[in-house]
Amino acid sequence: MTRPCRITKAVIPAAGLGTRFLPATKAVPKEMLPVVDRPAIQYVVEEAVSAGLSDILMVTGRNKGSLEDHFDRSYELENVLRTKEEHGKLSRLTSSAAGADIHYLRQGDAQGLGHAVLRAASYIGENPFAVLLGDDLIDARDTLLARMAEVHARHGGSVLALMEVPREQIFRYGCAAVAGTGEHDVVRVTDLVEKPSPDLAPSTYAVLGRYVLDPEVFTVLRRTLPGRGGEIQLTDALREMCLAGARGPVHGVVFAGRRYDTGDPGDYLRAVVQLAWEREDLGPGFRSWLGEFVRSNAPRVPAVQGAGLE
Ligand code: G1P
């Protein structure tokens with residue numbers, strides 16, 4: 001079994017084309033779409049930093065230059081705001097990468113999530129590391145990564161984040177077959193399948209976009225053949241590791257906290273509303289406006305409750 005050690009490095013795959021958001025993502029990376037007043041990727045970086053993962057590798061691709069600009073200094077803007085004594089805006093401007101040491105690597109060929117993670121192999125080396133996917137935003141009050149690191153410290157191997165979803169939604173996620181461990185939020189992962197149809201899914205445990213991985217994953221990914229969608233799937237490599245992993249078990253932390261999905265325009269809209277609702281500064285005004293908006297429109301849109309936004 002791997003001897004657990006402190007995790008300090010995080011990989012953030014950010015090379016996806018964002019085709020579900022066209023035309024918004026024609027010239028703007030999907031990671032840069034604002035969620036309230038911060039680009040989605042900034043929430044992910046802040047989550048990593050607050051979990052002690054300040055050494056970050058972002059795996060990007062073509063047309064993703066604005067990600068690097070966002071996490072860099074902007075001296076002209078800083079000077080303008082300083083001259084105007086706009087201190088609040090200045091601190092928001094300089095906080096985008098607070099505490100993070102971000103490195104960038106281009107994925108090159110777009111061969112899927114497993115391939116993007118494999119590109120991080122030489123950067124990561126021999127220690128366990130975290131992977132954070134930008135479509136899932138985890139509320140800053142829910143310390144999922146810290147819990148995963150703690151489970152990893154006890155069990156070694158790899159640790160996935162799982163969430164129970166309605167069976168009809170499981171086709172959107174990796175799905176885990178699990179066995180209990182006696183701990184209410186920790187399971188042993190016994191099998192995995194990427195985006196199964198609801199009737200074939202072994203459970204309703206969906207894989208969320210947070211992983212603590214043993215570097216054995218690189219060895220496995222090198223021999224992982226293209227799977228679903230013709231892409232090299234991280235889920236397929238993890239399946240091999242949970243069935244026959246040489247370097248420890250695969251566990252799952254079952255997350256029941258606040259998660260905001262920004263994966264497609266409907267989810268994104270919900271995430272923006274939820275996060276704006278929760279904000280201390282914007283929330284009170286937004287909540288009363290939204291309440292009034294719903295009250296005044298509900299009678300005219302009776303189907304609103306069950307209507308999908310997709
Ligand atoms: C990826 C993974 C999937 C996981 C999901 C979580 O899928 O392949 O196993 O459940 O992230 O967000 P994607 O959403 O990139 O298609």
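Every number for a ligand or one of its atoms is a count from 1 in the order of the listing. Predicted, not measured: the structure shown is a model, and the values here were computed from it.
Ligand 1 places these atoms under 4.0 Å from at least one heavy atom of Thr235: 9 (O). Here is the list of ligand 1 atoms found below 4.0 Å of a heavy atom in Tyr173: 10 (O).
No more than 12 heavy atoms of other residues, nucleotides or ligands shown are found within 6.0 angstrom of CZ on Arg62. In the displayed structure, Glu126 atom CD is contacted under 6.0 Å by at most 12 heavy atoms of other residues, nucleotides or ligands.
Protein heavy atom nearest atom 1 (C) of ligand 1, with residue, atom name and distance: Leu133 CD1, 3.9 Å.
When only interatomic distances are considered, the shortest N/O to N/O separation between Val207 and ligand 1 falls below 3.5 Å. At under 3.5 Å, not a single nitrogen or oxygen of Arg20, backbone or side chain, sits near a nitrogen or oxygen of ligand 1. Between Gly174 and ligand 1, a contact under 3.5 Å exists for at least one N or O pair. Between Glu194 and ligand 1, at least one N/O pair is under 3.5 Å apart.
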Checking side chain to side chain contact (heavy atoms under 4.5 Å, CB included) for the pair Asp261/Arg270: CA distance, chi angles, key distance, verdict?
CA-CA 8 Å; Asp261 186 347; Arg270 283 184 275 263; over 6 Å; no
Walk me through whether Leu234 and Tyr211 qualify under side chain to side chain contact (heavy atoms under 4.5 Å, CB included).
CA-CA 10 Å; Leu234 181 59; Tyr211 309 77; 3.7 Å; yes
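Protein non-hydrogen atoms do not reach within 4.0 Å of atom 15 (O) of ligand 1.
Taking a 4.0 Å cut-off on heavy atoms, Lys195 registers as neighbouring ligand 1. The closest approach between any non-hydrogen atom of Asp136 and ligand 1 is below 4.0 Å.
A ring-ring contact (aromatic ring centres under 6.0 Å, His included) check over residues 70-126, counting only residues at least two apart or in different chains, returns the pairs His103-Tyr123.
Taking Arg20 as the reference, Asp135 meet the salt bridge (charged side-chain N to carboxylate O under 4.0 Å, His left out) condition, with sequence neighbours excluded.
Gln42 and Glu46 form a side-chain donor-acceptor contact under 3.5 Å, judged by distance and modelled atom types alone.
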